[in-house]
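By convention in this document, chain letters (A, B, ...) are assigned in the order of the sequence lines, proteins followed by strands, and residues within each chain are numbered from 1. These numbers were taken from a predicted model, which means no experiment stands behind them.
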Protein chains: 2
Amino acid sequence: MLATLRQHGIQPTPQRLAVAKVVLGRDRHPSAEEVWAKVRRRCPTVSRATVYNTLNLFVDKGLLTMQVLREGTAVFDAEVRPHHHFIDERTGRIYDVPWDALQVQGQESLNHYDVRELQVVLRGRRRKE
Amino acid sequence: MLATLRQHGIQPTPQRLAVAKVVLGRDRHPSAEEVWAKVRRRCPTVSRATVYNTLNLFVDKGLLTMQVLREGTAVFDAEVRPHHHFIDERTGRIYDVPWDALQVQGQESLNHYDVRELQVVLRGRRRKE
DNA sequence: TCCTGTCTTAGACTTATTCTAAATTACATG
DNA sequence: CATGTAATTTAGAATAAGTCTAAGACAGGA
């Protein structure tokens, strides 16, 4: 964890480590406020500004990506490699869909656009099971 | 315009007509606040709440779609048929990409998901010309 | 006219996020 | 060790998008 921060050129601090623990852990797609809540369970003095600053820093340094998929809220994704997203209509929950699960064709027809990245955003219902 | 509202089961009022004129006009992908600003140029007494109510009503009635593509802001799109979006990194401007320009394959592999709709979101730079 | 339901309004409220200015900490160097 | 400087963190104010509320305006029917 500490090593991960250093590898990305991020000066480690206790606060940053606490954020990293939450956001690189098991919890997929937390929002900034969710991260703040979790960080404060272990480290109650951490301020909101620090969490936001740290998340933005992590995004700058390529440790996280930020997705604007949910109305009014950005969510953070520890999967920084390209992939797609499925959003459950009922719960609002967001699931990663592996890059190779879908193929997008026809990009070469978009002459006016220099496409640097893309993702497919799917909406629907997750099947119980 | 009036006919359009009626066809969608929307009781026309001066305020709603003013919003419709802006949002079904030449201006692609305005945000709610942008719509409010434009409406007020012709009709300065219209309240913010009315604009938001009206936009949500239009979305309910299928006259518009709402997209959450830009950080912290929903934008409204008069193109209600399925299509994709290209977002210019530099300007933040959003362009519609016709449905048939791209093909997405591999949906049948997503057994856990009942996909009801999808779109491809592309980011990059629009080529000058 | 009166009732009822629909619309609109101003402004308060909420939520997500950024900003600010001050306090704290961490080093590096003399 | 003392100290200056830069980086970091903090609390809280500020901002922005959007919703809610309560009151008033308006329209159409009995």
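- Taking every heavy atom of both residues into account, V19(A) and L55(A) meet most closely at CG1-CD2, 4.0 Å.
- When the side-chain nitrogen and oxygen atoms of T13(A) are compared with OP1 and OP2 of dA26(C), none of them lie within a distance under 4.0 Å.
- In this model, the phosphate group of dT10(D) is approached by a side-chain N or O of T45(A) to a distance below 4.0 Å at OP1 or OP2.
- When rounded to the nearest whole Å, the span between CG of L17(A) and C1' of dT25(C) equals 16 Å.
- Rounded to an integer number of Å, the gap from Q15(A) CD to dA26(C) P is 10 Å.
- Counting to the nearest Å, the P atom of dT15(C) and the CH2 atom of W36(A) are 13 Å from each other.
- With distances taken from any side-chain atom of V46(A) to the nucleotides dT8(C), dT8(D), dT10(D), the minimum falls on dT10(D).
- Residue N56(B) places at least one side-chain N or O under 4.0 Å from the OP1 or OP2 atom of dT19(D).
- Atom CG in L57(B) sits about 8 Å away from atom P in dC7(C), given to the nearest Å.
- Proximity of Y52(B) to the phosphate of dT19(D): no side-chain N or O atom is located under 4.0 Å from OP1 or OP2.
- For R116(B), the CZ atom counts as densely surrounded, since its 6.0 Å shell holds more than 12 non-hydrogen atoms of other residues, nucleotides or ligands.
- Using a 4.0 Å cut-off, some side-chain N or O of S47(B) falls inside it from OP1 or OP2 of dT9(C).
- Remark: E89(A) does not engage R123(A) in a salt bridge, criterion side-chain N to carboxylate O under 4.0 Å.
- Residue V46(A) is not grouped with residue Y52(A) when hydrophobic side chains (ILVMFWY) are merged at heavy-atom distances under 4.5 angstrom, including chains of intermediate members.
- One interatomic measurement links the two molecules: CZ of F58(A) to P of dT8(D), which rounds to 12 Å at whole-angstrom precision.
- Taking atom CZ on F76(A) and atom C1' on dT17(C), their separation rounds to 10 Å, with Å as the unit.
- Across the interface with DNA chain C, nearest-nucleotide mapping of A32(A) and R48(B) shows R48(B) to be the residue nearer the 5′ end.
- Distance CD1 (I10(A)) to P (dT9(D)): 12 Å, rounded to an integer number of Å.
- Residue N53(B) contributes atom CG, which lies 12 Å from atom C1' of dT21(D) at whole-angstrom precision.
- Of all heavy-atom pairs spanning Y113(A) and R126(B), the tightest one is CE2-NE, 3.6 Å.
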